[in-house]
There are 2 protein chains.
Amino acid sequence: MKALIVEDDQFHATYLQDALAEALPEVTEIFHAADGVAGEEDARQGGIEAIVMDLQMDRRNGIEAARTIWAERPQSRILFWSNYADDAYLRGIAQIVPEDSAYGYVLKTASRDRLKLALRAVLIEGQIMVDREIHRRQKSGASLRTRLDDSEFAVLVDLALGLQDKLIAERQGMSLRTVQNRLLSLYEKLGVLSEFDDRLTLNKRVRALNRALVTRTINLETLEAAQRDLEAWLVDRS
Amino acid sequence: MKALIVEDDQFHATYLQDALAEALPEVTEIFHAADGVAGEEDARQGGIEAIVMDLQMDRRNGIEAARTIWAERPQSRILFWSNYADDAYLRGIAQIVPEDSAYGYVLKTASRDRLKLALRAVLIEGQIMVDREIHRRQKSGASLRTRLDDSEFAVLVDLALGLQDKLIAERQGMSLRTVQNRLLSLYEKLGVLSEFDDRLTLNKRVRALNRALVTRTINLETLEAAQRDLEAWLVDRS
DNA sequence: AGAGATGGTGCGGGTTCCCGCAACGGCTTT
DNA sequence: AAAGCCGTTGCGGGAACCCGCACCATCTCT
């Protein structure tokens with residue numbers, strides 16, 4: 001069995017390689033790619049089904065690399081391994097994971113044992129495994145009421161790109177007023193007003209983006225990916 | 001001589017510790033703190049003047065920790081060691097470094113030799129040393145025309161917080177119209193229009209924040225720090 | 001079947017934003 | 001000293017935004 005590690009930090013890569021060798025004796029060969037592009041290449045060439053993928057990388061981030069890999073071979077098993085428990089990553093992954101594919105999400109701060117467990121569960125057993133730390137953040141009490149649903153999130157992303165209401169309406173297939181209703185609830189859920197409110201009024205759009213970033217609802221990768229989406233959409237529309 | 005390492009990633013910390021021991025035989029004792037708060041504490045207690053500081057940390061980031069450390073003992077020598085060459089970090093550091101203090105900025109991707117060189121130059125010789133990679137980004141041709149000056153940057157940060165023109169004017173001691181002029185040049189320099197322009201019009205404020213993030217002119221730490229500044233300012237104003 | 005809840009839509013108006021135009025002071029250049 | 005350049009400021013108006021109010025369709029509960 002062949003495994004692939006996609007990780008741009010040398011220290012983390014060697015640590016991971018060790019853990020992988022320990023946990024999975026059935027692995028005969030370990031490849032290593034230092035960025036997303038190289039990772040896609042290796043996965044394509046090597047006929048690899050077991051992958052451990054870092055999320056933050058320079059040339060192409062883990063989510064995008066995973067998307068193309070899964071597009072080519074949906075049966076690939078991918079364990080994501082990241083420093084952050086950003087909600088943005090969870091959403092990104094949820095959007096691209098194919099039906100019935102095995103994947104997992106482990107934090108780099110997890111213990112070696114937990115990492116090894118996840119490696120076995122996902123890469124060998126084909127299970128789905130998400131670090132409890134992350135799952136907790138996603139569903140926990142307070143955020144249940146304030147968690148964005150999918151259409152709100154889509155509007156948020158468009159807002160973050162700087163699109164105006166009319167454009168968002170067109171992209172999302174909503175009326176102008178509906179977009180504005182979504183924005184209303186976004187402002188509500190992101191806490192755009194609650195902090196200051198009485199003391200000062202602010203620009204809600206910018207504040208919404210600010211809050212979404214600070215609360216890790218979206219991140220830089222989200223923005224960059226959305227930008228590319230937008231450009232493709234613009235070409236289509238013409 | 002005592003040295004302090006402030007770094008939350010265990011692998012990087014041990015690597016750094018080794019390099020430090022090799023490069024600086026005059027160091028008799030190496031302390032290690034895993035976040036900014038602990039780092040401040042250690043620096044205060046230990047009477048330490050030589051510090052290597054990571055920038056991205058959970059509890060308190062490197063720039064804020066450095067600010068309080070320098071506030072207490074301006075003669076401290078601090079080498080910043082970071083994954084990123086964000087302009088935002090450079091600005092943050094430039095704002096807090098005391099007159100005549102020694103500091104340096106090295107990327108984690110730098111070779112071990114370059115790291116050791118920087119350790120000696122900054123911590124022992126008291127020089128100022130900035131990784132060429134970073135310096136290049138800061139001054140290089142294209143960005144020279146588009147680099148923000150200090151007042152533009154200040155307005156950008158206020159914009160990013162979601163403040164309205166009037167508030168920014170008050171905070172910056174400008175007239176409303178002047179703030180708007182700054183915004184004009186911000187839009188220009190950040191390339192708010194240049195990309196699409198003809199094809200679609202966008203919300204310039206949000207787009208400005210988006211561009212500033214994508215170009216690494218500001219980052220999450222900037223936003224969080226600015227938020228605290230704003231809160232303090234609001235209390236003062238009353 | 002009727003009542004209520006939920007979510008989408010149109011209308012209208014108050015506010016903020018964006019920015020062209022013009023005037024004014026301080027600076028350098030000749 | 002005159003001319004010219006640059007940053008700051010006020011004015012005004014068109015566009016976008018925010019959002020209360022009202023209406024309608026669908027869905028659910030009794």
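These figures come from a predicted structure and were not determined experimentally.
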Sequence neighbours left out, cut at 3.5 Å: what donor-acceptor pairs do the side chains of residues 99-106 of chain A make with other protein atoms?
{"from": "A/S101", "atom 1": "OG", "to": "A/P74", "atom 2": "O", "distance (Å)": "2.5"}
{"from": "A/Y105", "atom 1": "OH", "to": "A/Y84", "atom 2": "O", "distance (Å)": "2.7"}

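Partners of A/N181 by side chain to side chain donor-acceptor pair (under 3.5 Å), not counting sequence neighbours, listed by chain and number: A/R177. Remark: B/Q75 pairs with B/E49, B/R73 by the side chain to side chain contact (heavy atoms under 4.5 Å, CB included) rule, at least two apart or across chains. For A/D54, the side chain to side chain contact (heavy atoms under 4.5 Å, CB included) partners are A/E7, A/D8, A/M57, A/K108, not counting sequence neighbours. Every residue was checked against the side chain to side chain donor-acceptor pair (under 3.5 Å) condition with A/D150, not counting sequence neighbours, and none meets it. Judged as a side chain to side chain donor-acceptor pair (under 3.5 Å), and not counting sequence neighbours, the contacts of B/R59 are B/D35. With sequence neighbours excluded, no residue satisfies side chain to side chain donor-acceptor pair (under 3.5 Å) with A/Q95.
With salt bridges taken as basic N to acidic carboxylate O contacts below 4.0 Å, one links A/R171 and A/D158. Ion pair A/D86/A/R91 not flagged as a salt bridge, since none of the NZ, NE, NH1 or NH2 atoms sits closer than 4.0 Å to an Asp/Glu carboxylate oxygen. The pair B/R216-A/E224 meets the salt-bridge criterion, with a side-chain N (NZ, NE, NH1 or NH2) lying under 4.0 Å from an Asp/Glu carboxylate O.
The line from CD of A/Q127 to CG of A/L79 is 13.0 Å long, rounded to the nearest 0.5 Å.
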Determine, for nucleotides 4-17 of chain C in 5'-to-3' order, which nucleotides have protein heavy atoms under 4.0 Å from the base (write B), from only the sugar-phosphate (write S), or from neither (write -). ---SSBBB----SS

Can you give me the N/O atom pairs linking the protein to nucleotides 23-27 of chain C at distances under 3.5 Å, or say none if there are none?
none

Show the distances under 3.5 angstrom between N or O atoms of the protein and N or O atoms of nucleotides 22-25 of chain D.
none

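Regarding A/E188, its CD atom lies at a distance of 11 Å from the P atom of D/dG20, rounded to whole Å. Taking atom CG of residue B/L184 and atom P of nucleotide C/dG20, one finds them 7 Å apart after rounding to whole Å. If you take CD1 of A/I168 and P of D/dC17, they are 8 Å apart, rounded to a whole angstrom. In this structure, B/R207 atom CZ and C/dC18 atom C1' are separated by 18 Å, rounded to whole Å. The separation between A/L186 atom CG and D/dC19 atom P is 12 Å, rounded to whole Å.
Scanning all heavy atoms of the two residues, the minimum distance from A/L223 to A/A160 falls at CD2-CB, 3.5 Å.
Taken residue by residue, residues 152-159 of chain B places no heavy atom nearer than 4.0 Å to DNA chain C.
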Between A/Q164 and B/T201, does the side-chain hydrogen bond (donor to acceptor under 3.5 Å, both in side chains) criterion hold? Intermediate values first, please. CA-CA 8 Å; A/Q164 336 194 142; B/T201 63; 3.1 Å; yes

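More than 12 heavy atoms of other residues, nucleotides or ligands lie within 6.0 Å of CD in B/E72, so this atom counts as buried by the packing criterion.
Between its opening and closing five pairs, the helix from C/dA1-D/dT30 to C/dT30-D/dA1 changes axis direction by 30°, a value rounded to 10 degrees.
A/E152 and A/S185 form a side-chain donor-acceptor contact under 3.5 Å, judged by distance and modelled atom types alone.
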